[in-house]
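A quick write-up on the structure given underneath.
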Amino acid sequence: MLQLDPQQRPHLIEIIRTLRERITEARANGWLGEVEGLQVSLNAAMAKLTSLNRTSTDGRPQLVDLGMPLFTDPPVSIRLGSMTGDPHATNPPDFGQFRSGGSDC
């Protein structure tokens, strides 16, 4: 968890203002990908400001929940299993059969 410093509120408000201006400019120029990226940043900044607004009155910084990461790649065991034809294999395939001669390279 990250802690927000209440003294950074003016800086965070300035970042939000700038992001809004940049989104307006990107829309005017038809930069849709840029609009989307800036909107993600704006949403994150707004969430931080909301969290900062809920900071306890004793002045201690509030913790920010970063959430759980999403993993889009399948586990290694499944990828290795696909090499052997068995989608449930958990061990890597044995490539010893491809060694030439009797030497232990």
Side-chain angles (χ1 to χ4, degrees):
M1 298 264 183
L2 295 178
Q3 295 182 348
L4 295 174
D5 182 1
Q7 294 177 347
Q8 295 300 315
R9 178 187 300 278
H11 182 63
L12 185 56
I13 291 171
E14 178 64 21
I15 289 171
I16 290 169
R17 186 188 62 75
T18 303
L19 283 167
R20 286 182 174 149
E21 290 173 0
R22 291 176 61 193
I23 288 171
T24 300
E25 178 186 6
R27 280 193 179 127
N29 289 311
W31 302 333
L32 301 182
E34 186 74 8
V35 169
E36 186 174 339
L38 291 168
Q39 190 63 50
V40 169
S41 297
L42 177 61
N43 291 343
M46 293 294 293
K48 285 184 180 184
L49 184 59
T50 300
S51 177
L52 195 56
N53 289 339
R54 287 188 302 230
T55 301
S56 60
T57 57
D58 63 6
R60 292 184 315 183
Q62 182 78 16
L63 298 177
V64 176
D65 183 11
L66 298 177
M68 290 295 295
L70 298 176
F71 299 100
T72 57
D73 290 337
V76 173
S77 61
I78 292 175
R79 289 195 306 259
L80 291 175
S82 66
M83 293 170 52
T84 64
D86 179 5
H88 303 291
T90 57
N91 296 323
D94 179 18
F95 293 112
Q97 62 189 352
F98 298 110
R99 291 187 186 141
S100 61
S103 65
D104 293 325
C105 297

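- Atom-to-atom distance recorded for Q7:CD and L52:CG is 11.0 Å, nearest 0.5 angstrom.
- The environment of CD in E14 is crowded: more than 12 heavy-atom neighbours from other residues, nucleotides or ligands sit within 6.0 Å.
- Proximity of a side-chain donor or acceptor of S51 to a complementary backbone N or O of A47 within less than 3.5 Å is not detected.
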Please tabulate, for the side chains in residues 34-45, all donor-acceptor contacts under 3.5 angstrom to protein atoms that are two or more places apart in sequence or on a different chain.
residue	atom	partner	partner atom	Å
Q39	NE2	N43	OD1	3.1
S41	OG	G37	O	3.4
N43	ND2	Q39	O	3.4

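- Between atom CD1 of residue I15 and atom NE2 of residue H11 there is a gap of 3.5 Å, rounded to the nearest 0.5 Å.
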Pairs of donor and acceptor atoms involving the side chains of residues 20-31, under 3.5 Å and at least two apart or interchain, shall be tabulated with distances.
residue	atom	partner	partner atom	Å
E21	OE1	R17	NH1	3.3
E21	OE2	R17	NH1	2.3
T24	OG1	R20	O	3.0
N29	ND2	E25	O	3.1

